[in-house]
Amino acid sequence: MDRIPDRFIFSTDKSRINLEAVHHFLNKESYWARGIPLDTVAKSIAHSVCLGAYTPEGSQAGFGRMITDQATFAYLADVFVLKEYRECGIAKEMMRLFCLMADEFGLRRFLLTTQDAHELYRKFNFEPFPYPERLMSRKGVVYTIVD
């Protein structure tokens, strides 16, 4: 899937992903994956449906991934737009494309968690989980920053 609205290219082609740029953002700038090892990011990309946003020159501008069986369920993760490309509509276009993929897969449930982007996700019909008492989680590896 390639699309060029205005001046950005959106693609699910994993060979275009700048692994170092994605790792740097997740490891150093995100609130949810600080300290994440490079090999973990690479493995997560390999096992997900990924969407990248790129400049015409090929620089990474944004990224996100969908963890899914492509039939009934998906979890949206690691969505970000680099600071210098924010306010250009990239996040909205990425969400439009992720929702299109979810619809094409015929998913029954599409989940995400967010600390600060509720308004963006509401625009794409995400809402608080209707039965939070049913939702459970188990913490796994916690990454620590090592300088």
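Any value given below was found using the heavy atoms of this structure, including those in side chains, with hydrogens, waters and symmetry copies removed. These numbers come from a predicted model, not from an experiment.
When side chains are defined from C-beta on, T68 counts as touching F105, because their heavy atoms get closer than 4.5 Å. Side-chain contact between C88 and R7 is present, with heavy atoms from C-beta onward closer than 4.5 Å. Proximity of S59 to Y54: side-chain heavy atoms (C-beta onward) are nowhere separated by under 4.5 Å. Side-chain contact check for F110 versus M66: some heavy-atom pair is nearer than 4.5 Å. The shortest side-chain heavy-atom distance between T12 and M101 falls under the 4.5 Å cut-off. For the pair L107 and Q70, the minimum side-chain heavy-atom distance is 4.5 Å or more. At least one side-chain heavy atom of I90 sits under 4.5 Å from a side-chain heavy atom of F10.
The environment of E84 atom CD is dense: over 12 non-hydrogen atoms of other residues, nucleotides or ligands sit within 6.0 angstrom.
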Quiz prompt | side chain to side chain contact (heavy atoms under 4.5 Å, CB included) between V79 and R65, intermediate numbers included | solution = CA-CA 7 Å; V79 177; R65 64 190 185 92; over 6 Å; no
Quiz prompt | Residue pair F124, F98: steps toward the ring-ring contact (aromatic ring centres under 6.0 Å, His included) verdict | solution = CA-CA 10 Å; F124 295 92; F98 275 124; over 10 Å; no
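The side-chain contact (heavy atoms from CB on, under 4.5 Å) test applied to D116 returns Y31, T114, not counting sequence neighbours. Residues forming a side-chain contact (heavy atoms from CB on, under 4.5 Å) with K14 (at least two apart in sequence, or on another chain): I17, I45, C50. Legend: residues meeting side-chain contact (heavy atoms from CB on, under 4.5 Å) with K123, ordered by chain and number and at least two apart, are K92. Not a single ring pair (Phe, Tyr, Trp, His ring centres under 6.0 Å) links Y121 to another residue, sequence neighbours left out.
Taking a 4.5 Å side-chain heavy-atom cut-off between Ile, Leu, Val, Met, Phe, Trp and Tyr, the cluster of Y131 extends to I67, F73, Y75, L111, F129, L135.
Here the closest non-hydrogen pair linking H118 and Q115 is CE1-O, 3.6 Å. Among all heavy-atom pairs drawn from R86 and V81, the shortest one is NE-O, 2.7 Å. Annotation for G52 and Q60: closest pair CA-NE2, 3.9 Å, computed over non-hydrogen atoms.
For N27 (side chain) and G35 (main-chain N/O), a donor-acceptor pair under 3.5 Å exists by modelled atom type.
Using a 3.5 Å distance cut-off with no hydrogens or angles, the side chains of S15 and D13 do pair a donor with an acceptor. Inspection of the T55 and E57 side chains reveals an N or O donor paired with an N or O acceptor under 3.5 Å.
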Show every donor-acceptor pair shorter than 3.5 Å between a side-chain atom in residues 19-26 and any protein atom, with sequence neighbours excluded, or say none if there are none.
residue : atom : partner : partner atom : Å
H23     : NE2  : I36     : O            : 2.8
H23     : NE2  : L38     : N            : 3.3

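Atom CG of residue L51 and atom CE of residue M94 lie 5.0 Å apart, to the nearest 0.5 angstrom.
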